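Everything numeric here is computed off the predicted structure, so don't read it as measured data. Atoms within each ligand, like the ligands themselves, are counted from 1 in listed order. Here, residue 1 is the first one in the sequence, and each next residue gets the next number.
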Amino acid sequence: MLTINKETNIFPWRHERRFNAYSNYFRSLYGARVQKVSIDAGFTCPNRDGSRGIGGCTYCNNDAFNPSYCQPVKSVSEQIGEGIKFHKWRYNEAVSYLAYFQAYSNTYAPLDILKKLYGEALSYPGVIGLIIGTRPDCIDEEKLGYLHELSAKCYLAIEYGIESCYNKTLKRINRGHSFEDAVDAVKRTTAHGITTGVHFIFGLPGESREEMLNQVDIISSLPIKTVKFHQLQILKGTAMEMEFKNNPDDFELFTWEEYLDFFIKFLEKLNPAIVVERFTGEAPPRFLTGEGWGKKRTDQIVNLIEKRLEELDTWQGRLYEDKRQKTKDKRQKTKVKSKK
Ligand code: SF4
């Protein structure tokens, strides 16, 4: 169980916010705000081009997450330039940028192509690092070796879409990989000294709320630095849109109030060492089918979650149990006993 110093109100992540927040993590690393700038470098995905599957994950519509300045017809540099302009207009404060290779699977190409694209991003003035979103089955030792070398020169993180800890769900949403594949990729990436993040979705079909909540122990035990959570949004033009129309009873979509309660319970049990990047996803209204809440902006949601944490006087990891530590302690005690 994680307790805090009530006199200073400082949490183990060394600030007063009640969760281990991504923005503060970068402030602590660089002493200032760091802004992500998204890039669509024209990759595809093995779950779409037939090498793993066709049609892709049933919920996927990449256009819904791509900012308007991200278009693969533009070069990486052009997209970064436009992204920086866009963010400067919104938040005047950012001084450094991370190039976020976001759309599709951004390690799904031969290494020489990756080197060229990542190199172009890193040579853009003000870009201090890379965040590379990809699938667990799109990484290999050669790429990890190169990314390990690169990570000595700049900030570098790989983010894997995992989405669920349950293979029955991964099968149903047509992910084309198992949870074990994902854990293997995470472990191999961390073993190369590369910062690793993961993404999960709450509300996927066939999962009960209890099952969703029970994932917290598994996620807490992964050797990851960051995590992003999304509520399921049923997007136009996806296979899931049809599935929902045909079998709405298979889905337990959250209302906002339900999600807030659920998420607080989840956060209380989450390993406090894990930096939380997002609580929810936010697709532009034109992509939404009208299910779910959809009208709150991410910054409003963060405020509401922090307000609720304050009201309940709770925080990330308050109820976290380090099960690995417990097992170690138990083994230690048994050893001591047997020596006596
Ligand atoms: S969610 Fe990612 S892995 Fe799934 S189809 Fe879309 S791009 Fe491919």
Side-chain angles (χ1 to χ4, degrees), residues 36 38-67 70-72 76 79 99-109 113-114 117 130-140 143 157-186 188-189 196-207 215 224 226-244 251 277-278 280-284 287-289 291-292:
K36 276 176 35 169
S38 296
I39 295 164
D40 181 343
F43 290 98
T44 177
C45 153
N47 204 18
R48 289 184 167 273
D49 70 5
S51 59
R52 268 277 159 172
I54 42 167
C57 309
T58 57
Y59 57 86
C60 172
N61 180 345
N62 264 273
D63 292 340
F65 301 103
N66 248 358
C70 285
Q71 288 156 13
V76 164
Q79 292 181 56
Y100 179 24
F101 285 82
Q102 180 178 18
Y104 299 94
S105 302
N106 294 277
T107 52
Y108 188 44
I113 293 180
L114 299 182
L117 293 169
L130 303 178
I131 298 179
I132 301 164
T134 194
R135 283 170 57 88
D137 53 9
C138 287
I139 201 77
D140 56 38
K143 288 173 188 165
I158 301 185
E159 291 186 4
Y160 292 108
I162 300 184
E163 320 310 350
S164 170
C165 296
Y166 300 111
N167 284 333
K168 64 166 188 174
T169 311
L170 296 178
K171 199 165 179 205
R172 178 156 180 178
I173 61 174
N174 195 36
R175 277 293 298 176
H177 65 76
S178 67
F179 180 64
E180 291 72 23
D181 294 333
V183 173
D184 180 58
V186 165
R188 284 193 293 131
T189 308
T196 311
V198 291
H199 300 181
F200 282 91
I201 301 174
F202 293 130
L204 290 168
E207 279 184 11
Q215 297 181 103
I224 52 174
T226 65
V227 66
K228 247 186 205 179
F229 298 108
H230 291 170
Q231 82 285 18
L232 178 66
Q233 298 178 96
I234 298 181
L235 302 177
K236 286 183 184 163
T238 60
M240 197 171 271
E241 183 186 14
M242 284 312 291
E243 196 187 352
F244 183 76
F251 291 75
E277 182 175 355
R278 288 189 83 103
T280 57
E282 186 188 12
F287 289 101
L288 297 172
T289 53
E291 305 302 333

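Each of the following atoms of ligand 1 lies closer than 4.0 Å to a heavy atom of Gly56: 5 (S). Taking a cut-off of under 4.0 Å to the non-hydrogen atoms of Tyr104, the atoms of ligand 1 that pass are 7 (S). Residue Arg135 has at least one heavy-atom neighbour below 4.0 Å for each of these atoms of ligand 1: 3 (S).
A distance of 6.5 Å separates OH of Tyr160 from OG1 of Thr196, quoted to the nearest 0.5 Å.
At the shortest separation from atom 4 (Fe) of ligand 1 among protein heavy atoms lies Cys57 SG, 2.2 Å. If you check which protein heavy atom lies closest to atom 7 (S) of ligand 1, you get Asn62 ND2, 3.3 Å. From the protein, the heavy atom lying nearest to atom 6 (Fe) of ligand 1 is Cys60 SG, 2.3 Å.
The aromatic rings of Phe202 and Phe229 lie parallel to each other, with less than 30° between the two planes, well short of the 60° mark.
Contact record, Ser105 with Cys45: OG-CB, 3.7 Å, taken as the closest heavy-atom pair.
For Lys236, the NZ atom sits in a packed shell: over 12 heavy atoms of surrounding residues, nucleotides or ligands are nearer than 6.0 Å.
Distance check for Cys45 against atom 8 (Fe) of ligand 1: an N/O/S atom falls below 2.8 Å.
At a threshold of 4.5 Å between non-hydrogen side-chain atoms, the residues Tyr108 and Ser51 count as touching. The shortest side-chain heavy-atom distance between Leu114 and Ile132 does not fall under the 4.5 Å cut-off.
Residue Arg175 holds the heavy atom nearest to atom 2 (Fe) of ligand 1 of all those in Arg175, His199, Gln102.
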